[in-house]
Amino acid sequence: MSEKMNIGVDLGGTTTKMALIDDAGKTIDKWAIVTNTIDNGSHIAADISESIKKKLKQYNLGSSEVRGIGMGAPGFIDMASGFVYKAVNIGWEDYPLKEELEKFTGLPAIIENDANMAALGEMWLGAGRGAKNLICVTLGTGVGGGIIIDGDIVHGVSGMAGEIGHITVVPKGGSPCNCGKKGCLETVSSATGIRRMGLDALDYNDSDSILRDLFEKNGDISAEDVFNCAAKGDQLSVAVAEKAAYYLGYALGAISIVVNPEKIVIGGGVSHAGKTLTDPLTKYFKEFSLPRVFDACKIDIAQLSNDAGVVGGAWLAKTKINN
Ligand SMILES: [Zn+2]
């Protein structure tokens with residue numbers, strides 16, 4: 001192992017994923033521990049540090065062979081200080097994450113928002129490989145985003161840049177969003193939003209639909225059901241999928257005119273819909289973008305799945321920690 005090692009950490013509400021990745025991008029090991037959120041998350045940094053120290057010992061790696069730790073956390077983060085202002089799922093409020101990690105491990109650490117971290121991972125070793133100007137969107141329970149310009153994440157003055165999910169796309173009569181606004185992209189293009197629009201469509205429409213058959217059989221539907229039925233040509237489901245793609249295409253069209261990206265990477269559970277999502281999305285993206293912007297940009301499905309965060313963390317350690 002002649003390359004230097006980097007540690008990527010991806011903190012989630014239930015599990016924390018970690019990986020040991022060398023400078024060339026080769027994963028030496030990856031593992032996960034349970035995220036212990038009791039006592040307002042006060043054990044988390046120590047648990048992670050213990051696990052890292054054990055792993056480094058296992059591979060006989062001293063601190064001189066390791067650059068440091070790149071860690072992604074949910075919530076609002078100040079990059080410079082490594083301070084987590086608020087991470088509701090974890091229980092942290094004004095938590096000095098960087099300082100704690102460095103104290104427990106003796107290694108330098110760098111902290112980033114988890115959606116940004118996933119974007120960096122896709123840029124380094126995933127669907128964005130080779131691109132330096134990218135928009136990454138994660139369509140899960142919510143809608144996360146990361147915007148990379150010239151190889152670096154855009155943070156903005158208070159760390160809020162790239163919060164794509166909270167762009168207002170339904171200015172009148174939109175559904176309430178977790179952020180307190182109404183009609184955010186998250187309310188229509190997340191898995192949660194697509195399920196809700198599917199249920200609404202079943203309510204307002206009594207046409208025959210295999211989505212309705214599923215609803216009657218299971219008592220509920222998911223975003224995945226909507227896309228599966230749409231792929232089979234179910235008209236009601238096609239209309240819901242189109243609607244989700246329309247709003248996403250609208251938002252991405254607008255952002256792409258600002259950023260002029262080479263690639264848009266779509267990740268998260270909803271991205272498993274593949275062409276059922278990307279075909280209508282490409283159509284609307286073209287409509288709301290500009291010809292030269294559209295022609296320069298490719299829409300791709302994310303490739304790293306759950307590993308994007310730890311890969312992005314390792315990339316941050318490799319590129320931002322100078323030792
Ligand atoms: Zn919102």
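Every number for a ligand or one of its atoms is a count from 1 in the order of the listing.
Counting only protein atoms, the N, O or S atoms lying less than 2.8 Å from the Zn ion (ligand 1) are His166 ND1, Cys177 SG, Cys179 SG, Cys184 SG, ordered by chain and residue number.
Residues Ser42 and Asp39 have side chains that never bring a donor and an acceptor to within less than 3.5 angstrom of each other. For the residue pair Ser49/Thr105, the side-chain donor-acceptor check at 3.5 Å is not satisfied.
Here Ile21 contributes atom CD1 and Asn6 contributes atom CG; the two are 8.0 Å apart, rounded to the nearest 0.5 Å.
Classification of the Phe294-Phe285 ring pair by plane angle, with boundaries at 30° and 60°, yields tilted.
For Val240 against Ala201, the heavy-atom pair with the smallest separation is CG2-CB, 3.8 Å.
Under a cut-off of 6.0 angstrom, the local environment of OH in Tyr284 is crowded, with over 12 non-hydrogen atoms contributed by other residues, nucleotides or ligands.
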